[in-house]
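Report on the following structure.
Letters A, B, ... are given to chains in the order of the sequence lines, protein chains preceding strands, and every chain is numbered from 1.
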There are 2 protein chains.
Amino acid sequence: MSGHRATIQDVARQSGVSVATVSRALRGKANVAEETRAKVVTVADRLGYQPHTAASWLASGKTMTVGVAAPYFDVWYTGRVLAGVERVLSDAGYDLTVYAAETAEQRDRFAARSASLQTRVDGMLLVDFSPEESQLARLLESRITLVAIGEHVDSVNSLAIDNVTAAIESVRHLLALGHRRIGLLGTQDIHLIESPALTARQAGYSAALRDAGIDPDPALDIDCELSVEGGAEGFDRLLDLPGHPTAMFCLSDETAMGAMGRARALGVSVPNDVSIIGFDGHDLSESFGLTTMCQPARRIGEEAAELLLASIAEPTTPVAHHTVPVDLIVRESTGPPAH
Amino acid sequence: MSGHRATIQDVARQSGVSVATVSRALRGKANVAEETRAKVVTVADRLGYQPHTAASWLASGKTMTVGVAAPYFDVWYTGRVLAGVERVLSDAGYDLTVYAAETAEQRDRFAARSASLQTRVDGMLLVDFSPEESQLARLLESRITLVAIGEHVDSVNSLAIDNVTAAIESVRHLLALGHRRIGLLGTQDIHLIESPALTARQAGYSAALRDAGIDPDPALDIDCELSVEGGAEGFDRLLDLPGHPTAMFCLSDETAMGAMGRARALGVSVPNDVSIIGFDGHDLSESFGLTTMCQPARRIGEEAAELLLASIAEPTTPVAHHTVPVDLIVRESTGPPAH
DNA sequence: CTGAAAGCGCTTACAG
DNA sequence: CTGAAAGCGCTTACAG
């Protein structure tokens, strides 16, 4: 009414019952006379009453909030996962609080807050965030319900693709076309933050080559940023190499499309002069004619959120690691090497 | 220690002071003996004490959390804005809670929660979310500190580009090249949720045409989705038209790139057969050689967050509307019509 | 500089 | 089915 928030006291007073009854009535608990409930609801509506968030949290111990720690909210993969997570959570009545966790410092700060996060969220999603031992220890100690996305973390529920196998399959596609010198683009975060997902893809790349009797050439490992710009820059670096590769395996589609854009600008023909393969299944990969290893990012977000909700509801469920299938989509950006 | 969270009581007991002093010491308030503070900090560290989130909120009235309501977290623009917002907020010690607000129903649900949001966040960012009258009323009534991004909302601080002028400039570029039949792609959300930003761009499109003595042809207004897929579909629809346009103004870069991808697949030459211009300045627009109206999405997010923090700190500041400049970048996707 | 006390606004056994 | 009361864990005037 008159400018200030209505409290449960106001509702109680105006409906002539106790605050305990108001609480029960409004939260749909049993043991409230239908008549009483109707009266309380009417008054609450009229006053525009909604419970004080912090007061409910404090009294009930539940926050109806889930946190998600992820790197780079402006990257396609993260955005997709986030959209999936958000849909499932909001359907279930949960709010979503986001935490940037790309740099080592951010991750540390995040883990250091574990104790207070425990009282801030009911559960936490970790996207491409493989905590260091000390970070994991804090997180586990705080007993926050956790689900890891994109990486298998010991003693934590997780949902991820098999990056090694996916990378092997990608590189084998290039090998089968006849390529022998295959570059690797986008390994910067392997060195910067030891991203396990990327490290696994790198391992798959090496394994596939070795399996074909080829020794991975360190000179072909380009540690450019995993981004459009990084891909463009990496493409240049790879082209400058004496005896440049005839194919490039890019660790993300954004990197791959950056490389293709650079090729277009330079008049380098894809795939005739150089084949390019990406990783993600980005919306735009089809428009680019990009061959890519498709992962269902949005679905991953949804499933992870469902897993988290289930494990919030049933905290004793044993830890499980789920693997999500991927799918190689061959398009025009890959072909046999020239001559 | 022994499995359970340490409370301020534990710290008080073990450091031999009152909880009031612990609170002051840990929150860096003045009027605490340096010696006392040191002791308290030591004990708190040893116990891994961190304040209970809800208890602080309830007692202090501050949540150190900001909310952002935005449509489509997996769209480039939203992701960029979000990344900018996140950076500024986390630097300032604020958390970020996200609310999806794309459908009319989501927006309604969101506005209906105003009273509880007031106790959940210290301020709120509204991205491309021009509330209906009743929604705005609730929001204002709840006295949440608001900043609108992308659209000017009456009686709310805002930060936006000038969509009308930007669209006029885009279309004039095509007119100057000699185009007379210019299609418009991506107007679906104008009809679905009356997106004011898109409506403004549409208005600019019409104004530029009329100004050149051309009557906008409703048949050239394609209400496809503002997305890669939508662009591809819209491209087909436009091409199927008898006497199809020689140029297409796409309301987002994703739409434009979807259209370009379709052109590539069909063997339609851009810009020789048809010119395409986008809107956004998407990372990949350069790789595509796409002419586009560039808006500094990340910067917009950062500035809006700064604005919000300032107005949380100084709630009495008068309402202001800020306009952010845009920049037309001409690339290869636009050229003179073939005739 | 420090402590005792009130208060923030709910939820939840516990009685009845 | 309902109410009185304790308790959730802090912060913040108010005294001293």
With nearest nucleotide decided by heavy atoms, which residue, B/R24 or B/Q50, maps closer to the 5′ end of DNA chain D? B/Q50
Have A/T65 and B/R120 got a donor and an acceptor in their side chains that come within less than 3.5 Å? yes
Taking atom types as modelled, find out whether B/R5 and A/S142 have a side-chain donor-acceptor pair closer than 3.5 angstrom. no
The first and last nucleotides of DNA chain C lying within contact of chain A, meaning any atom under 4.0 Å from one of its heavy atoms, run from C/dG9 to C/dA13
How far does CD of B/Q135 sit from CG of B/L140, to the nearest 0.5 angstrom? 11.5 Å
Pair A/D122-A/T63, side-chain donor/acceptor within less than 3.5 Å: yes
Would you kindly say whether B/Q14 and B/R46 are connected by a side-chain donor-acceptor distance under 3.5 Å? yes
Does a donor on one side chain and an acceptor on the other come within less than 3.5 Å for B/T119 and A/H52? no
Which is true for B/A33 with a 4.0 Å heavy-atom rule: it touches a base, it touches only sugar-phosphate, or it touches nothing? sugar-phosphate
Which atom pairs, one a donor and one an acceptor, fall under 3.5 Å between side chains of residues 25-40 of chain A and the rest of the protein, sequence neighbours left out?
{"unit_1": "A/R37", "atom_1": "NH1", "unit_2": "A/A25", "atom_2": "O", "d": "2.8"}
{"unit_1": "A/R37", "atom_1": "NH2", "unit_2": "A/K29", "atom_2": "O", "d": "2.9"}

What do the steps show when you test B/R138 against B/D108 for salt bridge (Lys or Arg N to Asp or Glu O under 4.0 Å), and what is the final call? CA-CA 10 Å; B/R138 302 193 81 122; B/D108 240 34; over 6 Å; no
Sugar-phosphate only, base, or nothing, as touched by A/T36 at under 4.0 Å among non-hydrogen atoms: sugar-phosphate
B/A55 or B/R37: which one's nearest nucleotide on DNA chain C is closer to the 5' end? B/R37
Which stems, defined as runs of 3 or more consecutive Watson-Crick or G-U wobble pairs with both pairing distances under 3.5 Å, involve DNA chain D? C:1-3 with D:14-16, C:5-12 with D:5-12, C:14-16 with D:1-3
